[in-house]
Each structure stands twice: as structure tokens, then as C-alpha cells.
Novice: 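Below you will find the structure I want to go over with you.
We count ligands from 1, going down the list as the structure has it; atoms in each ligand are counted the same way. As a basis for the values below, the full set of heavy atoms in this structure was taken, side chains included, without hydrogen atoms, waters or symmetry mates.
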Amino acid sequence: MRAMNLILVGPPGAGKGTQGYKLSKQYSIPEISTGDILRSAVREGTPLGQEAKNYMERGALVPDAVIIGIVCERLTQDDTRNGFILDGFPRTVPQAEALTTMSQAQGCPIEHVISIEVPEEELLQRLAGRREVERRHDDTDDAIRYRFEVYCRDTAPLIEYYRQRGLLRAISGVGTIEDIFQRITSIL
Ligand code: AMP
């Protein structure tokens, strides 16, 4: 089988985790969520978790070198042989550059960068709702606001980075989970 290497990008609350999970089942490839890796490190109280906790609670980004190290190690694991889905990484241009280098070195270049687009108004409503259901530590009002700022400042430039490389596939993230899933699978 041909390997399929995907990145999901989009603002907080766009549905990257939900779609990443479904894509992972559909194509039998792992979904790699840096947020999930960090949250479990925080839960387990590992040195990584202790370092990351403070940044995460504020909605700030964990330093690039730390995150790049985690992903670099994860991508050498055997289960990524037939492809992978990255959710929440890269989040800065230096992370994207590091990923370009490491994925080429491993002979598994990124094929599609799926940008899930949702109007800000709707995102804020979704995140307020998620606070009731998921109880993430960073779903407080201040942290939500700050995560948006960080997204606009540090992560949104990735859209241009990948557009210039011909990898960007933008889809609307408004509609049902199934609608959005269909939009994504139809372009893969
Ligand atoms: P997420 O679940 O993707 O929203 O990530 C939750 C939090 O983990 C973020 O607000 C950051 O503090 C941290 N984080 C996750 N992925 C990254 C990344 N690629 N770069 C820096 N920080 C990250």
C-alpha cells in the first residue's frame, strides 16, 4: 500500500481531533496528536509533562525544540510505515521546516495539508460547549482567547507556507462531522 502522510491544520475547535480519529480508522494509519501526547505526559507527571504543563494551561505553545523532538521520535516508530495523520503539529513555521526535513530524510514526504476552515464566531461557541463536555484545563475563557491569538500569530502563516509548496487543500469545517469527513476523503 502507498503511504499516506497528512497534516490537519485549523484553529482551535475546528474539529481536527474528530476528523483525525475518523481518518485514522478509515485508512488504518495512526493519528499523531501532539496535544494528546503532551496531555498524557502531564497526567503521568513525566519530565516532559512537568515542562509542558505551564505552557499548556496558559494556552501558550510548548517550545519548538521540545515538540520537534517528540514528533521526530514518534515518526520513527514502525506503525507510521503506511502513513500518518498529524493533528496539532506543525504549529509554527520552524516546526514545519523541521518536519519537511525529517519526513524527506525518512522518505515519507507530506502529501496533503488539510486546512479545516471555520468562522471565528462558530469556533468560540464550539469551544465554550466543549468546556462542558471534555473539561480540558485550557478551555477557560482566558486560555481560549490566548490560543486564538497564538493561532493567528504563529500557526496561520503555515497555510501560506504549504500553499506555496502546492500541498494545501482547504475545506469548509462547517456542517456535520460526516459532511466534513466526506469533503476530506473526496480530495485524498
Ligand atoms: P491541542 O490539543 O492540539 O489543542 O494542544 C493543546 C496544547 O498543547 C496547546 O495549546 C499547546 O500548549 C500544546 N501543543 C500541542 N501541540 C503543540 C505544538 N505543535 N507546538 C507547541 N505546543 C503544542
Novice: List, pair by pair, the atoms of ligand 1 and of the protein that are both N or O and lie under 3.5 Å apart, giving the separation rounded to 0.1 Å.
Specialist:
residue  : atom   : partner : partner atom : Å
ligand 1 : 2 (O)  : Arg39   : NH1          : 3.0
ligand 1 : 2 (O)  : Arg39   : NH2          : 3.0
ligand 1 : 2 (O)  : Arg136  : NH1          : 3.4
ligand 1 : 3 (O)  : Arg91   : NH1          : 3.0
ligand 1 : 3 (O)  : Arg91   : NH2          : 3.1
ligand 1 : 4 (O)  : Arg91   : NH2          : 3.1
ligand 1 : 4 (O)  : Arg136  : NH2          : 3.2
ligand 1 : 5 (O)  : Arg91   : NH2          : 3.4
ligand 1 : 12 (O) : Ala60   : O            : 2.6
ligand 1 : 16 (N) : Thr34   : OG1          : 2.8
ligand 1 : 16 (N) : Gly88   : O            : 3.4
ligand 1 : 16 (N) : Arg91   : NH1          : 3.1
ligand 1 : 19 (N) : Gly88   : O            : 2.9
ligand 1 : 19 (N) : Gln95   : OE1          : 3.0
ligand 1 : 20 (N) : Gln95   : NE2          : 2.9
ligand 1 : 22 (N) : Val62   : N            : 3.1

Novice: Do Val62 and Met56 make a side-chain contact, defined as non-hydrogen atoms from C-beta onward lying under 4.5 Å apart?
Specialist: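 They are in contact (side-chain heavy atoms under 4.5 Å apart), so the answer is yes.
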
Novice: Going by the rule salt bridge (Lys or Arg N to Asp or Glu O under 4.0 Å), which residues pair with Arg58 if we only count those two or more places apart in sequence or in a different chain?
Specialist: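 Once residues adjacent in sequence are excluded, Arg58 has no partner under the salt bridge (Lys or Arg N to Asp or Glu O under 4.0 Å) criterion.
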
Novice: If we only count heavy atoms from C-beta on, is the Leu23 to Ile29 side-chain gap below 4.5 Å?
Specialist: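 No, side chains not in contact.
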
Novice: Identify every side-chain donor-acceptor pair in residues 146-157 under 3.5 Å, counting partners at least two apart or on other chains, and give the distances.
Specialist:
residue : atom : partner : partner atom : Å
Arg147  : NH1  : Asp138  : O            : 2.5
Arg147  : NH1  : Asp139  : OD1          : 3.1
Thr155  : OG1  : Arg91   : O            : 2.7

Novice: For residues 172-182, pull every pair meeting salt bridge (charged side-chain N to carboxylate O under 4.0 Å, His left out), keeping only residues two or more places apart or in separate chains.
Specialist: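 The answer is Lys22-Glu178.
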
Novice: Can you tell if the side chain of Leu99 reaches within under 4.5 Å of the side chain of Leu75, non-hydrogen atoms only?
Specialist: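 A side-chain contact under 4.5 Å exists here.
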
